[in-house]
Amino acid sequence: MSIKEIENEIIEEFEIFGEDWEGKYEHLIDLGKSLPLIKEESKTEDKLIQGCQSRVWLNSEKKDDKIFFSADSDAIITKGMVALMIRVLSGQPAKEIIDSKLEFINKIGLKEHLSPTRANGLVSMINRMKMDAIKLI
Amino acid sequence: MLVKEVKYSPLNVELIRKDFPILQRLVNNYPLIYFDNGATTQKPLQVIEAITHYYTHTNSNIHRGVHTLSRESTEAFELARKTIAAHFNIKNDQQLIFTSGTTDSINIIANGLSRSILKDGDEIILSAYEHHSNILAWQLWAEQHNGKLKVIPLKEDHSLDYDALKNLVTAKTKVIAITHVSNTLGLVTDLEKVKKVAEKHNCILVVDGAQSAPHMKVDLEKLNVDFFVCSAHKIYGPTGTGILYMNKKWLNDLPITKPGGGTIKTVSFEKTEYAEGALRFEAGTPNIEAVIGFAAAINYINRFGMEAIHKHELDLVNYAQYKLSGIPEVIVYGQNPDKAAVISFNVKNAHPFDVGTLLDKYGIAVRTGHHCTQPLMSILCVPGTVRISFALYNTKQEIDFFIEKLKKVITMLM
Ligand SMILES: Cc1ncc(COP(=O)(O)O)c(C=O)c1O
């Protein structure tokens, strides 16, 4: 599936919650819990993206012209957000990753997590995903 | 148990809340519950109106003009100095210098002392629960002058180990710089104990009052320390101003490190003669509207009196700690009962960021993270905490709602 198709799938998935933000967050937390972790030994300093509060580790690899990501975070809501990004971007061609706008975050009502307070490190993570994609092609 | 007896709180909080327009706001469709007063308090109409009045009627630069507006704004500015000096019982208002806040004040002191008293290889004593603002200026000096920072450790209940302090002092110790109330734990430093050590060993005592001035009566004449600093914005006043109190013995002895317009008597390219008193430290055009707003804030809290505010807040702290102690997943830090209006806690197996994010969805503003006290976080072995901090407008009903939602958040996260 293309990035756009996965984004639409996620938007649909979140539509059922409507105004029920508690349900939405419970879902996000579940996504965080189900995120395949990156291996403990891969959690090295160079993989770390330091938010002011929660931290994210991102590992990027290239296989057959596609970029694959795995990641982890010490905060579960951040991890849920990370899981969504990975679902959308991992396994995609580098060019698609670099050009992606990730508009689904706004559409599912979670754009506050990309605020410039830098608290969770997510903005930096998206930048890092794109940078890694550029480096790996 | 963490309970201290408080008889009753005579504040009419319902009326007080009407003075704070922001408290009418909805956040995420819930009425705002503002428990982040340690970071900054909300402002009453009296402060907002004082600033508006200043700009609509009096605005003009101070101290140098002969025209009516300049005279009036100078008078308002100097009246503010008198009002704030009286509040802290500072006998000579020239001992009260307006700065941009606590951080600025500490930098002015540290830089001044580094040009006079502090010599290469000297030592400075701080506490384990200092805010970064009261670490960095001293550390910068130490790095450049082969100096040493020594740290008063914490006891089991997270209060300071005053006996250890006695053993830290040497002939090279010149300064003890210490916070009056820990912004993270809410614990109150026993300044009398610290003062005894400082006096015995002739150390300069610098007190960071950023978190004590908002919550208790601070009588600087009685306290008689060398320096005391705090920020207006944590005492219902505007951001961007604060005070530096210096004991009268320092008034002409602390070297100025920030010269500029306003600090002088006469200037020539050969030699400048500096002003006397507070003005020598107030370089450039000060934050006039904020100083005037600060005085309005001081007048506002003095309607109720610091004792009443202190009692009310202590009542809230005890109530909240009692309620928190009923939630098995919650760990409260700082078990010593001598606390001001701040509580730090964590939920077992949950990141403070997650707890804070979900509480915000219910309109509850708490602070999460290291609270600019990373060394303390290392000692507590946590990445951060959730901090709730109270002000005169907070209520037990708000605490009840917070506790109810905290329980819900815990079930969501587990
Ligand atoms: C104990 C303490 N010291 C210093 C500061 C710094 O104050 P400001 O940012 O107003 O300079 C704070 C504020 O968070 C504080 O709580």
Side-chain angles (χ1 to χ4, degrees), chain A residues 14 17-35 37-38 40 43 45 48-57 71-85 105-106 108-125, chain B residues 26-32 36 38-40 131-132 183-184 329 344-374 376-378 380-387 401 404-414:
Chain A
F14 273 80
F17 297 113
E19 295 297 300
D20 170 22
W21 71 265
E22 284 168 333
K24 188 159 44 177
Y25 271 76
E26 271 160 351
H27 184 56
L28 195 62
I29 290 164
D30 283 342
L31 289 174
K33 286 179 182 157
S34 63
L35 179 73
L37 301 178
I38 93 174
E40 235 11 82
K43 283 194 191 173
E45 204 53 35
L48 176 65
I49 299 158
Q50 182 80 53
C52 285
Q53 297 196 17
S54 59
R55 300 186 293 172
V56 176
W57 290 266
D72 199 359
S73 172
D74 51 358
I76 194 73
I77 292 172
T78 307
K79 214 162 142 182
M81 292 295 295
V82 168
L84 288 173
M85 309 288 181
I105 298 166
N106 194 1
I108 60 177
L110 292 173
K111 81 162 190 289
E112 73 222 45
H113 293 283
L114 299 184
S115 90
T117 62
R118 296 177 297 138
N120 56 19
L122 276 175
V123 174
S124 312
M125 186 191 74
Chain B
L26 294 183
V27 169
N28 296 321
N29 299 321
Y30 288 90
L32 166 67
D36 192 19
T40 199
H131 187 281
H132 295 166
N183 68 306
T184 301
E329 292 88 353
S344 248
F345 68 93
N346 264 324
V347 172
K348 280 179 204 152
N349 301 321
H351 197 288
F353 172 83
D354 292 323
V355 178
T357 302
L358 292 173
L359 286 173
D360 174 63
K361 302 296 291 178
Y362 293 107
I364 305 167
V366 301
R367 188 144 292 250
T368 63
H370 54 62
H371 319 295
C372 294
T373 54
Q374 285 183 1
L376 175 63
M377 294 298 114
S378 308
L380 300 176
C381 295
V382 293
T385 69
V386 183
R387 182 184 75 179
F401 184 79
E404 177 195 324
K405 293 308 173 194
L406 178 63
K407 286 181 182 162
K408 169 80 186 163
V409 164
I410 292 171
T411 57
M412 283 173 84
L413 287 170
M414 289 306 136

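Numbered from 1 within each chain, the chains take letters A, B, ... in sequence-line order.
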- Query: Can you tell me how far the CZ atom of A/Arg55 sits from the CZ atom of B/Phe353, to the nearest 0.5 Å?
  - Reply: 14.0 Å
- Query: Checking heavy atoms, do the side chain of B/Met414, its backbone, both or neither come under 4.5 Å from chain A?
  - Reply: backbone
- Query: Which heavy atom of B/Lys408 sits nearest a heavy atom of A/Glu22, and at what distance?
  - Reply: CE-OE2, 3.6 Å
- Query: What parts of residues 366-374 of chain B touch chain A if we use heavy atoms and a cut-off under 4.5 Å?
  - Reply: B/Thr368, B/Gly369, B/His370
- Sort A/Ile77 into side chain, backbone, both or neither according to what part of it lies under 4.5 angstrom from a heavy atom of chain B. both
- Task: Drop me the distance from B/Lys361's NZ to A/Lys24's NZ, to the nearest 0.5 angstrom.
- Result: 6.5 Å
- Query: Is atom NZ of A/Lys111 surrounded by more than 12 heavy atoms (other residues, nucleotides or ligands) closer than 6.0 Å?
  - Reply: no
- Message: Show the nearest heavy-atom pair for residues A/Lys33 and B/Leu413, with the distance to one decimal.
- Response: NZ-O, 3.7 Å
- Query: Which distance, rounded to the nearest 0.5 Å, do you find between the CH2 of A/Trp21 and the CG of B/Leu358?
  - Reply: 6.0 Å
- Is it the side chain or the backbone of A/Glu112 that comes within 4.5 Å of chain B heavy atoms, both, or neither? side chain
